[in-house]
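So the structure is just underneath, and the comments pick up after that.
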Amino acid sequence: MACAKIKFAGIGNLKNKAFLKKTMRLFFALTIALMLMAPAPAPAQQLPAPDAGQERVSLEAASITHSSQADTYTATGNVVVTRGNQSFTADMAEYDRANNVLTAFGDVVVKAGDDILTGEQIRFELDGQTGEVINGAIYLRANELTIKGALIQKTGPDTFSLERGSITACPGEKPDWKITARKVRVRVEGYGTAQSATLWLRDIPVFYLPWFAFPAKTKRTTGLLVPEAGQSSRKGLSFNQPLFLAPQQHWDITLYNHYMERRGLQAAAEFRHAADENSRIHLLGAFLQDKEIDDGLLDNSIEYGYALDPWLRENRDRYWLVGKLDRDFENGVKLRADIDIVSDQDYLREFGSGAFGFDATNRNLSQTFGRDIDDFDVPVRENRLHGHKAWQTFELGGDLLWRDAVIARRHNQQDVTLQNLPRILIGKTQQQILPGIFSPLLFGFNADATHLFRKDASTALRADFSPRIDAPFFAGPFIHARPWIGLRQTFWRMGSMEGLAPGSKESFERTLYEAGIDLSTELARVYGQSAPGAGRARHVLIPRLEWAYIPEKDQSALPFFDDADRIEAANTLRWSLAQSLTTKSAPADENAPASYARILWFELAQYLDINEATQDNPALFETPGSRRPLSPVEARLELVPAQGLSIGGEGHLAVYGQGFVYSAIGLGITRQNFSFQTGYNLVRHHAESAFARLWLPIQEKWEIAAFMEQDISNHSRVRQDLAVTYFGPCWSVSLAWADEPGEQEISLKISLTGLGSIGTRAAPF
């Protein structure tokens, strides 16, 4: 048979052209016929609700049929059913409108908010929000958890129940970890519970729990937190299992059970309450009935005492109560409270690490309230209740300050610690004496009334009133002058006279005046252009000269409780030279606000003691026999040359040949995935130390955190910490080591995403 050939050369011959036209007409005719024969997609139908007031059901599919006798709709092919905030997709679905029941088959997907329920088949009662899913899975997006079961029962609008289910946050058919349980109960935006649960690593069972709870929402919820396990030379093997309780969203409690092989069971409770940003409470209480003591015997002192602590620790009842409170009232009253009571001088040193140790607690309180607690080795710890109210020109404050002398209390020593119970403060900001007319005179005052209490010594009531008048003016076009004069009037009324000589006076008073003048100017220059999108810099130079004078007055006969009872004579002249550099970044959009950043602050200052410079008696010099009226030159630097990089330092350079008597310098580098700080401190003839802190993630899988502090003056180590963390796709494991004099500790923490993850990748110390 000859084969037909069609040539396409130019337009082609007329015979072939006619054949081509017939072929194209036949092709288009067949295409239109096939389109007419295919079933058309059924449009989305808004079905009438079974009863008035109920939400309508929207049904969309390739084909929809309706049985009027049974009042049921049958949909096949790409079925989409929506009702309220819920949507259902499936291969086939049947909707019983009379009973408001939906049955779906084949790749069923149910979405409610961010959570997803999938399965092979589902029967769903829309009124009661109940139903059953065969071979189903619940995906909780907020926690990245997937819960699977052969039969999942939806027992309410937000609750599920399944038998012989599994829980995991890992992808794939063989997850890195999973938890299987005989029974699982889940409340969406609540929490879940599992009974007879087993933790599997791949195909290996590693841990069994008769019951545990896990979060099933983004908000705080009751459940077990990540446990801590470790080994320490002082504590032996240890295990801490925290339980988090969240009855309501504005407050919660964490309970800790810390078992230590050599010390016993340490229990703690942590309470947090936050009504708003300015009203919150954070309180921690911990208790341990210690198996070991430091009674002075050789082995006990070596293993459970500290070399630099001369006091024994013979008590077994050991505790710590610490916390803070902030409360702002609508009438402008602000209330602040700090509490810090510890059983003995060694507790905070010995229990510094861990979830409720000193380090973590101090860090949490500082971040929440902006106030630290006393260092772990301070034996007199402050407890304070403070109230404050400010008006336009007046302010009123009050304090109850109790300094808890731990050693005196524990060892039944004489306690002469000074307490302020209470202290009342009144202040008036400086205002014009004759407002409304020209007057350079400004008047203000501070008043202080304190009940000075000492448990085993004399007590008194002290009142102090300090008015002051300033007269600022410009001396010429550039120099700003501010002369001032003040009065210091103090009264004492003795209460208890313990420790004083018989016949001592009960009332005392003191009157002092003080005066001074402050001269300063400001020289500024702006660099750069003011065009939109351009940057500018402002450099400011501030020379200042200050003179202050307080006359000499014998105060030896007055009561002495603290430094406020002895005001030394002063005749000093202070010069300083400060400069700052501030940048301004103008956005291209003229309506957008500009951004400012201070990148440099540098100040030099020095004092001249005029009294010593003019004194003829060498015995009255600050350093007897050596006239040294000039103080060390003080220098302070704050430098931020680039975002995330900061340099700070302070130094006191003596001018009589001793060199630096004090110096401190620090460097900080902070990036999105990197942090490093280092610092050096020197106090001549007292202390010299250096520290470094590093947080370094490596290739998104590993993270290293390290801290080191060295006492250079004593050639000894203060502390070393190292933690290495590996992050898997749905888990992380952290191994930490800590070494300080008297104790070495190693700890292990395993975190499972969704159940007890670390949460933020930040340095642990």
Side-chain angles (χ1 to χ4, degrees), residues 141-146 167-179 199-204 206-207 214-215 224-232 237-242 352-355 357 359-360 363-364 367 642-646 666-679 690-710 717-740 744-765:
R141 184 180 299 275
N143 307 82
E144 301 181 22
L145 286 179
T146 299
I167 305 167
T168 186
C170 302
E173 292 298 323
K174 291 186 177 181
D176 290 350
W177 68 264
K178 67 178 179 180
I179 295 176
L199 172 63
W200 297 73
L201 299 183
R202 291 284 182 169
D203 297 327
I204 303 174
V206 295
F207 197 72
F214 58 92
L224 295 176
L225 300 180
V226 180
E228 293 179 328
Q231 197 279 333
S232 165
L237 295 175
S238 63
F239 181 80
N240 178 27
Q241 176 58 71
S353 61
D359 295 336
R363 183 168 58 248
N364 293 337
Q367 292 174 352
Q643 185 176 5
L645 174 62
S646 62
L667 169 69
I669 303 174
T670 302
R671 293 288 187 268
Q672 184 177 4
N673 288 321
F674 174 76
S675 176
F676 175 74
Q677 296 90 35
T678 184
F691 78 91
R693 180 182 288 110
L694 172 69
W695 173 62
L696 177 64
I698 302 174
Q699 297 181 348
E700 298 184 356
K701 292 289 187 180
W702 292 89
E703 176 180 289
I704 297 175
F707 175 79
M708 182 190 70
E709 185 176 1
Q710 188 77 12
R717 178 187 67 257
V718 177
R719 182 169 180 176
Q720 291 180 344
D721 295 291
L722 177 65
V724 179
T725 304
Y726 177 80
F727 293 89
C730 51
W731 53 274
S732 67
V733 58
S734 178
L735 183 64
W737 170 75
D739 183 12
E740 58 181 314
Q744 294 76 41
E745 184 174 10
I746 187 169
S747 60
L748 176 68
K749 179 185 289 186
I750 299 175
S751 302
L752 305 180
T753 302
L755 299 182
S757 61
I758 292 176
T760 57
R761 298 179 67 174
F765 38 74

To the nearest 0.5 Å, what is the distance between [atom1] ([X]) and [atom2] ([Y])?
X	Y	atom1	atom2	result
Gln699	Asn673	CD	CG	12.5 Å
Ile704	Thr725	CD1	OG1	9.5 Å
Glu703	Trp695	CD	CH2	6.0 Å
Asp176	Trp200	CG	CH2	15.5 Å
Gln677	Phe707	CD	CZ	10.0 Å
Lys178	Leu201	NZ	CG	11.5 Å

ask   = Counting only heavy atoms not in Glu144, do more than 12 sit closer than 6.0 Å to its CD atom?
value = no
key: side chain to side chain donor-acceptor pair (under 3.5 Å) partners for Asn364, two or more places apart   = none
Decide yes or no for [X] and [Y]: does some side-chain heavy atom of the first lie under 4.5 Å from some side-chain heavy atom of the second?
X	Y	value
Leu145	Ile167	yes
Thr678	Phe691	no
Pro697	Trp702	no
Leu735	Val733	no
Tyr726	Trp731	yes
Asp739	Arg717	yes
Thr168	Ile179	no

ask   = Going by an N to O cut-off under 4.0 Å, is there a salt bridge joining Arg719 and Asp359?
value = yes
query = Hey, are Ser747 and Glu745 close enough side-chain-wise for a donor-acceptor pair under 3.5 Å?
reply = no
request  = Compute whether any side-chain donor of one residue and acceptor of the other, for Trp737 and Asp721, lie under 3.5 angstrom apart.
outcome  = no
Is there a donor-acceptor pair under 3.5 Å between the side chain of [X] and the backbone N or O of [Y]?
X	Y	answer
Arg202	Lys174	yes
Thr753	Cys730	yes
Ser238	Ala229	no

Minimum-distance pair of heavy atoms, taken over all atoms of [X] and [Y]:
X	Y	answer
Pro175	Cys170	CB-CB, 3.5 Å
Ala360	Gly354	CB-O, 3.4 Å
Trp177	Ala169	CZ2-N, 3.6 Å

ask   = Can you check side chain to side chain contact (heavy atoms under 4.5 Å, CB included) on Leu645 and Thr670, steps first, answer last?
value = CA-CA 6 Å; Leu645 174 62; Thr670 302; over 6 Å; no
